[in-house]
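Only one structure is covered here, and it is reproduced in the block below.
Order of the sequence lines fixes the chain letters, A, B, ..., with proteins taken first and strands second; residue numbering starts at 1 for each chain. For the numbers below, each heavy atom of this structure counts, side chains included, while hydrogens, waters and symmetry mates do not.
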Amino acid sequence: MPSVQITFPDGTSREFPQGVTALEVAKSIGPRLAAEALAAKVDGRLVDLTHRIESDAPIQFITPAAPEGLEIYRHSAAHLLAAAVTDLFPDAHPGVGPPTDTGFFYDFYREKPFTEDDLAKIESKMREIVKADLPNERLYFPKEEGKKLFDQMGEFLKCELVEEKAEPVFSAYRTGKFLDFCRGPHIPSTGRIKAFKLLSVAGAYWKGDEHSYPLQRIYGTAFFTARELDEFLAKIEEAKKRDHRRLGKELELFSIQDDAGPGLIFWHPKGGIVRKVIEDWLRDELLKRGYELVFTPHVMRLHLWETSGHTNFYRENMFGAMDVENDRYQLKPMNCPGHILIYKSRRRSYRELPVRMAELGTVYRYERSGVLHGLMRVRGFTQDDAHIFCAPEQLEDEVQACVEFAFAVLSAFGFDRYEVELSTRDPAHPEHYAGTIEEWERAEVALRSTLDRMKVPFKPMPGEAVFYGPKIDVKLVDAIGRPWQLTTVQFDFNLPSRFELEYVGADGRPHTPVMVHRALLGSIERFFGVLIEHYTGAFPAWLSPVQALVLPISEKQAAYAREVVEKLRGAGIRTELDDRNEKLNARIRDAQLQKVPFMLVVGDREAQAQGVAVRRRDTGDAGFRPVAEFIPWLRQLIDTRAVKW
RNA sequence: GCCGGCGUAGCUCAGUCGGUAGAGCAACGGUUUCGUAAACCGUAGGUCGGGGGUUCGAUUCCCUUCGCCGGCUCCA
């Protein structure tokens, strides 16, 4: 009997009869592995455990611990979902059903919408199928025959997929009566799926094309253990609790008003003060780092946007132009043209480069109504924008300074986790990009080597560059692990030439400067939203709208309470007085709900001793402190922008 | 924009299988003067998102429109 040599990850190898299945190999190692294994990697290819090994190959078993494990498991969970749906609803036609970062989904074409009740029914059907422990059987079909089969079953979406994607002989998986065109691999049987839950149903389109079939997408998630599933569900609940839209209302930070229009933000006094603090800090930093502050108009002649090219490539994101005295004006969707006009207002010498022009620039972009979301996605927002005009040889230093600035900003606001992405061009499509190959080459190298030099780990994103230049994006990771894209540092090969920007070099001749766009917080609105969710509205003292709240126990201490308030305010501490005719407990409760970091209770004892009884937002009663001691202590906490105390 | 869901008092929500609505909190008035997460009593508050239709009668059914929520797509 011919045999095959199978090599294990530890380097050892053994002989097995040719045609041995991966599962049999696993069994030969131990029953525990055989029970745990979900799939295998043979010769670097992911395969089912039923896969027969016909030639010498290295093998590796995919267990729940392997990075691919969860993905395969969830993919099988998606098949389980489709098996249940097609069983319960013969009029539902499956589309595609992949695993996602947080679970899986499956798309179906069906006239009638799925309801919440349907989800419950589907879920119990899925449990039945799990209990029945049906095998996930891998089958092979010649393309035409398979297509015919799907056609006879009425599965027109599957037919289309086979037509487009299938190899001459393609694989399919059968789970009970459900047959799916699928590359695999899958876990051996449905009984292996332990913990799953259907989450929601939402609309989607066949192949993401809104002119194609409207589909219904059922989302679910699956984990290896019930505990992990519960943790995940708890995390969703936690995220709901942190929702900035809810907190924004409760804490009176901001609002969006029907009368004004969707996606337009009203900053209320409490939010306004937070914004002021953020902006003040930011402007100080900008000046320290050699930026100049500018302001540019919100509407400018339309022809400027024609020169910049926005009327071509950005038109669908712009508000309509308005007529003014035989001319047309455009509400600005970006700040760059304004800054360019300032740059061009006079001749520039190489001696003054780099010119770093910063503006908290408010821009308006038309976003399709369905995409708006609280502060995160709006139609009017303020960018902490800057444009750096520099000589090509200054690029690397400028990029490094931007990235360092970005990290400084993130850490100042209490974010210590982030992910960096480097988006470069798709070399296969040079026609998609402005600028020459050489320019791109130089810019990409500059970005990459800057990150390398800074020892910043980054994810290369080939093909993700915008048409006018490569970019570095920084995504911060918030308190509950969600990434948010805020910072972007982008090269621009387009605008300097469109606006014929120049500087006079040491050689006395005109040169074209390189332009870098960069935003660190991105948009103040979105950043505020992220900040609210990161802190669940309980901002560090330096950002809190109200830093201290004085609570007299009764009317008897009114005069002393006002005295304390004046002293704190005199020290620049944002202080309020709550002398409402409510019990102390009630006022403390309100202050806790408003997330005021320090509550200062004053009764006769405190008045007597010229002090306050400090209550901390997070840890409660902290006891007596003399006012003369408390003020400098809090002042220092604020000045150092402490996140914890 | 598209698919699905939703829109009842300032907020959170109940309710009417078609006979024009109710609770808690908030607000306001009073009593109470209180020691670390909700004192008590009372008062007022809604053309049931807007418009149109069906009907003797619409908050309820139908159409339309605006907005919100979850997605698709895109992005700061």
>> Taking 4.0 Å as the cut-off, does a side-chain nitrogen or oxygen of A:His373 come that near to OP1 or OP2 on B:G70?
In response: yes
>> So, under a plain 3.5 Å distance rule, would you say the side chain of A:Arg526 forms a donor-acceptor pair with the base of B:C75?
In response: yes
>> Checking base pairs now: Watson-Crick or wobble, both atom distances under 3.5 Å. What partners B:A58?
In response: none
> Any chance the side chains of A:Ser200 and A:Arg217 put a donor and an acceptor closer than 3.5 Å?
Replying inline: no
>> Between P on B:C72 and CZ on A:Arg368, what's the gap in Å once rounded to a whole number?
In response: 13 Å
>> We want to know whether A:Lys332 and A:Thr296 form a side-chain donor-acceptor pair, criterion being a heavy-atom distance below 3.5 angstrom.
In response: yes
> When the C1' atoms of B:U60 and B:U8 are considered, how many whole Å apart are they?
Replying inline: 11 Å
>> Heavy atoms only, 4.0 Å cut-off, all strands: where does A:Ala586 land among base, sugar-phosphate and nothing?
In response: sugar-phosphate
>> Looking at A:Glu359 and A:Asp384, would you say the former's side chain and the latter's main chain have a donor-acceptor pair under 3.5 Å?
In response: no
> Do A:Tyr109 and A:Gln216 get their side chains close enough for a donor-acceptor pair, meaning under 3.5 Å?
Replying inline: no
Check the interface with nucleotides 41-48 of chain B: list each N/O to N/O pair with the protein under 3.5 Å, or write none.
none

> When you compare B:C68 with B:U59, how far apart are their P atoms, in angstrom units rounded to a whole number?
Replying inline: 25 Å
> Between the side chains of A:Gln485 and A:Arg526, does any donor sit under 3.5 Å from an acceptor?
Replying inline: no
>> How many whole angstroms separate atom CZ of A:Arg589 from atom C1' of B:U36?
In response: 14 Å
>> Do A:Leu198 and A:Met126 make a side-chain contact, defined as non-hydrogen atoms from C-beta onward lying under 4.5 Å apart?
In response: yes
> In terms of the nearest nucleotide of RNA chain B, which residue is placed more toward the 5' end: A:Lys249 or A:Leu372?
Replying inline: A:Lys249
> Should A:Tyr366 be listed as having a side-chain N or O under 4.0 Å from OP1 or OP2 of B:G1?
Replying inline: yes
> What interatomic distance, in whole Å, is found between C1' of B:U64 and the corresponding atom of B:G7?
Replying inline: 16 Å
Show each protein N/O and nucleotides 31-35 of chain B N/O combination with a separation under 3.5 Å, one pair to a line.
| residue | atom | partner | partner atom | Å |
| --- | --- | --- | --- | --- |
| B:U31 | O4 | A:Asn581 | ND2 | 3.1 |
| B:U32 | N3 | A:Asn581 | OD1 | 3.0 |
| B:U32 | N3 | A:Asn581 | ND2 | 2.9 |
| B:U32 | O4 | A:Asn581 | OD1 | 3.4 |
| B:U32 | O4 | A:Asn581 | ND2 | 2.1 |
| B:U33 | O2 | A:Glu555 | N | 3.1 |
| B:U33 | N3 | A:Glu555 | OE2 | 3.1 |
| B:U33 | O4 | A:Glu555 | OE2 | 2.5 |
| B:C34 | OP2 | A:Lys556 | NZ | 3.3 |
| B:C34 | N4 | A:Asn581 | OD1 | 2.6 |
| B:G35 | O6 | A:Asp604 | N | 3.2 |
| B:G35 | O6 | A:Arg605 | N | 3.4 |
| B:G35 | N1 | A:Glu606 | OE1 | 2.8 |
| B:G35 | N1 | A:Glu606 | OE2 | 3.4 |
| B:G35 | N2 | A:Glu606 | OE1 | 3.3 |
| B:G35 | N2 | A:Glu606 | OE2 | 2.5 |

> Any side-chain donor paired with an acceptor under 3.5 Å for A:Glu533 and A:Trp484?
Replying inline: no
>> If I take atom CD in residue A:Glu367 and atom C1' in nucleotide B:U73, what distance separates them, rounded to the nearest angstrom?
In response: 11 Å
>> Would you say the ring centers of A:Tyr213 and A:Phe156 fall short of 6.0 Å from each other?
In response: yes
> Reckon A:Arg245 has a side-chain N or O less than 4.0 Å from the OP1 or OP2 of B:C69?
Replying inline: yes
> Taking A:His517 as the fixed residue, which of A:Phe491, A:Phe389, A:Phe493, A:Tyr468 is the one that meets the ring pair (Phe, Tyr, Trp, His ring centres under 6.0 Å) rule?
Replying inline: A:Tyr468
>> For the P atoms, the ones on B:G50 and on B:C3, what distance do you get once it is rounded to whole angstrom?
In response: 24 Å
>> Can you tell me the base-pairing partner of B:G10? Count Watson-Crick or G-U wobble geometry only, both distances below 3.5 Å, and say none if there is no partner.
In response: B:C25
>> Output the rounded distance in Å from CG (A:Asp118) to P (B:G5).
In response: 12 Å
>> Roughly how many Å apart are B:G52 and B:U47, using the C1' atom of each and rounding to a whole number?
In response: 16 Å
> Is A:Thr488 near enough to B:A76 that one of its side-chain N or O atoms lies under 4.0 angstrom from OP1 or OP2?
Replying inline: no
>> Below the 4.0 Å mark, does B:C72 have OP1 or OP2 next to a side-chain nitrogen or oxygen of A:Tyr219?
In response: yes
>> Between P on B:A38 and CG on A:Asp590, what's the gap in Å once rounded to a whole number?
In response: 10 Å
> Can you tell me how far C1' of B:G10 sits from CD of A:Glu250, to the nearest Å?
Replying inline: 14 Å
> Looking at the side chain of A:Ser369, which of B:G67, B:G1, B:A76 is the nearest nucleotide?
Replying inline: B:G1
> Which whole-number value in Å describes the distance from A:Leu375 CG to B:C68 P?
Replying inline: 13 Å
> With both distances under 3.5 angstrom, what nucleotide forms a Watson-Crick or G-U wobble pair with B:G18?
Replying inline: none
> Do we see a donor-acceptor contact under 3.5 Å between the side chains of A:Ser255 and A:His268?
Replying inline: yes
> B:U31 pairs with which nucleotide, Watson-Crick or G-U wobble, both distances below 3.5 Å?
Replying inline: B:A39
> Which of these nucleotides, B:C75, B:A37, B:C72, is closest to any side-chain atom of A:Arg615?
Replying inline: B:A37
> Over how many whole Å does the gap from A:Phe313 atom CZ to B:C75 atom P extend?
Replying inline: 13 Å
>> Under 3.5 Å, is there a donor on one side chain and an acceptor on the other for A:Arg365 and A:Tyr314?
In response: yes
